[in-house]
2 protein chains.
Amino acid sequence: MGLRDEILEQPSAVGRLLADPDDQVARVARRVLDRGVRMVFLAARGSSDNAGLYAKYLWGAFNSLPVAQAAPSLFTVYRRPPAIADSLVVAISQSGQSPDITSVVREGRRQGALTLAITNDVESPLAKASELVIDITAGPELAVAATKTYTTELVAIAMLSAALSEDPGRREWLARTPELIAQALTLDAPARTAAERHLAMAHCSVLGRGFNYATAFEWALKLKELAHVIAEPFSPADFEHGPVALAQEGFPVLAIVPAGPMAEVSVPLLRRLVEERHVELLLISNDEAALALAGTPLRLAPDLPEWLSPIVAIVPAQLLCYHLARARGLDTEDPLGLTKVTRTL
Amino acid sequence: MGLRDEILEQPSAVGRLLADPDDQVARVARRVLDRGVRMVFLAARGSSDNAGLYAKYLWGAFNSLPVAQAAPSLFTVYRRPPAIADSLVVAISQSGQSPDITSVVREGRRQGALTLAITNDVESPLAKASELVIDITAGPELAVAATKTYTTELVAIAMLSAALSEDPGRREWLARTPELIAQALTLDAPARTAAERHLAMAHCSVLGRGFNYATAFEWALKLKELAHVIAEPFSPADFEHGPVALAQEGFPVLAIVPAGPMAEVSVPLLRRLVEERHVELLLISNDEAALALAGTPLRLAPDLPEWLSPIVAIVPAQLLCYHLARARGLDTEDPLGLTKVTRTL
């Protein structure tokens, strides 16, 4: 078992979570609705924090819930936590082992807030500290870089959203995610070709906005962890407020722009970047106008709804990072190189 | 008038705001207290969004207020805004011209929320859309890169915090900020020397956490805008979860670590970065243990309280970016180069 197996396993991991034999998500949704929660206070780090960005947009758009991302140091270092008794306190952590994330849940519970852990380990300190738990049932993840735990966290977030708004249409789409992810896995060969084409990439910007702001952050993190690319994520709206200064001819811009309302506002920026600044655009999309601009297109299924797209769009991004790491001779399983010398970029 | 003048003008700009002849901050604080607001919903972009990070930590730590950062696209692109009637909706914008930020305030007001604009233009669309306004009175800012409007935004945030908690001790410290900023401006010569030493810097990581998470983001943005350095901000806690893979021998790590609770937890990480990974550490600090580790130290006043330090610590960072841009022959006033060819890194 290794990183590649964990990437390929995602349809079955997501399918297991969706089957939800204990009806765990429905029970959590009932508790949240009974409590009449009006805001979410969310604590997470790393890939789970990126999953939290999806929650911010999805729960904001479909459940009217404003989502505040916790500043864990207020709880641990400064010991001056904010008042969160009215909130649903949500912690997302694959391992459930991070003491600062658990501190946020403990303090929330002490104040009387409803607390929920989304985790892959129901025996973890985090799960034990939380009143409610959603087990993402991804199975053991051995590679350091999170893949199947990230996608199952996204699915848990989307399942809770659909349960809270009793939305059968979104539930039906969610039921199709194993098949949609399996379809995205067929981008393995194009992702390998893209990796070969970008073998020398030392730095890049990763653009995504709205539901796929999460995907931009997660792709950038995978690029750093696995392929040692200096990759910084941006909303295209923020990118134009300064960082665009870096986008010279040939500068690699990676973007996730699925068809939908966000593509309509993002395509003009992509066009300016390509036609005026001559950046090298590597694009994950199913929007024809956007795909036409890309030097390296990675094509998603045509009918994917934008709200669901982050669960699927991260898959070719994972494959690209895997192939880039392999092509560069890097360790895909324990890429931090904490005890060994790693390549200088 | 240019960028350098605007940097040097900061003590007087901040002094003007603190004098507060119309008692504007006290009036805003009374309205917020009367309303019994229990959370803040905050909208901003660019440097103002970085100022918002300071609000998140300061208002969380001293006023018990959880702060949610708005996702403007929920209001503008998706037209599915969350329910924010219970929140204090705060928009921060120097110009007050950004339509998406104004949309968040308009929607907040439509829902019945108390709304506040922190802006340098009380005649702007944003100020007109908001029920309450704090005028940062920074005077015209002509350089594209924000400097004095950033520091005055921070001071407005801190003044409101002190007014909300009726804290005379913090008010006294705030009254001293013009003098503390003037003292930080004496780092001009060391900042120029540091810029010469790092003239070839193409990329770097910028570390700050807690109150100075804002400073890390703002420093990184200034490095990108002014000096075309690929600079990415991190909390040291997140940096160790992956991006540390990039920190090879000689990799430039810039950090803001003033003495206080955060220095105690951050110094061991800095030590590992310097002693085990041999990074090149450029440090803004008044913590002796931290300063001893830095190849390039920029020394802050010894008695600066950590909660106040972001207002002062950004000043040597601005000076460094100014000198780096000058030494590289870049345009310090309109550095985006939207109509002219800019240097390739």
Side-chain angles (χ1 to χ4, degrees), chain A residues 38-39 41 45-46 49 56-57 59-74 76-84 86-87 100 145 203 209-210 213 221 224-225 228 230 232 235 237-238 241-246 248-249 261-262 264-265 335-338 342-345, chain B residues 38-39 41 45-46 49 56-57 59-74 76-84 86-87 100 145 203 209-210 213 221 224-225 228 230 232 235 237-238 241-246 248-249 261-262 264-265 335-338 342-345:
Chain A
R38 302 193 59 171
M39 73 167 277
F41 192 78
R45 286 216 179 273
D49 200 27
K56 177 171 169 171
Y57 284 83
W59 297 347
F62 288 99
N63 309 102
S64 299
L65 288 167
V67 176
Q69 290 174 286
S73 64
L74 292 178
T76 54
V77 179
Y78 299 118
R79 299 182 184 279
R80 290 176 165 273
I84 50 176
D86 304 336
S87 303
D100 53 354
H203 44 72
R209 199 179 164 196
Y213 198 42
L221 180 57
K224 281 184 275 219
E225 285 180 322
H228 298 194
I230 299 177
E232 189 172 3
S235 154
D238 289 320
H241 278 80
V244 70
L246 302 176
Q248 311 301 327
E249 183 165 347
M262 193 54 81
E264 285 168 42
V265 299
L336 296 190
L338 289 173
T342 44
R343 260 174 72 152
T344 302
L345 290 172
Chain B
R38 301 190 63 170
M39 75 166 277
F41 191 79
R45 285 218 179 272
D49 201 29
K56 176 171 170 170
Y57 284 83
W59 297 347
F62 288 99
N63 309 101
S64 298
L65 288 167
V67 176
Q69 291 175 286
S73 63
L74 292 179
T76 54
V77 179
Y78 299 119
R79 300 183 185 277
R80 290 177 165 271
I84 51 176
D86 305 338
S87 303
D100 54 353
H203 44 72
R209 197 181 165 195
Y213 198 41
L221 181 57
K224 280 183 275 218
E225 285 180 321
H228 298 194
I230 299 176
E232 189 171 7
S235 152
D238 289 319
H241 278 81
V244 72
L246 302 176
Q248 311 300 327
E249 183 164 348
M262 193 55 80
E264 284 169 42
V265 300
L336 296 190
L338 290 173
T342 46
R343 261 175 71 154
T344 303
L345 289 171

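Reminder, nothing fancy here: chain letters follow the sequence lines and each chain counts from 1.
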Distance-minimising heavy-atom pair for [X] and [Y]:
X        : Y        : answer
A:Pro66  : B:Pro82  : N-CB, 3.7 Å
A:Ser73  : B:Gly210 : OG-CA, 3.7 Å
A:Leu74  : B:Lys56  : CD1-O, 4.1 Å
A:Arg209 : B:Tyr78  : O-OH, 4.1 Å

Within-4.5 Å side-chain heavy-atom neighbours: B:Met39 and A:Asp86: no
Non-hydrogen side-chain atoms of B:Arg45 and A:Ser235 separated by less than 4.5 Å: yes
[X] versus chain B, heavy atoms under 4.5 Å apart: side chain, backbone, both or neither?
X       : value
A:Val77 : both
A:Ala70 : backbone
A:Tyr57 : both

Choice from B:Pro72, B:Ser64, B:Ala68 maximising heavy atom contacts with chain A below 4.5 Å: B:Ser64
For chain A, the option from B:Phe62, B:Trp59, B:Tyr213 that forms the most heavy-atom pairs under 4.5 Å: B:Phe62
Reported OG1-to-CE distance for the pair B:Thr76 and A:Met262, which is rounded to 0.5 angstrom: 7.0 Å
Spatial distance of atom CD (B:Glu232) from atom NZ (A:Lys224) [nearest 0.5 Å]: 3.0 Å
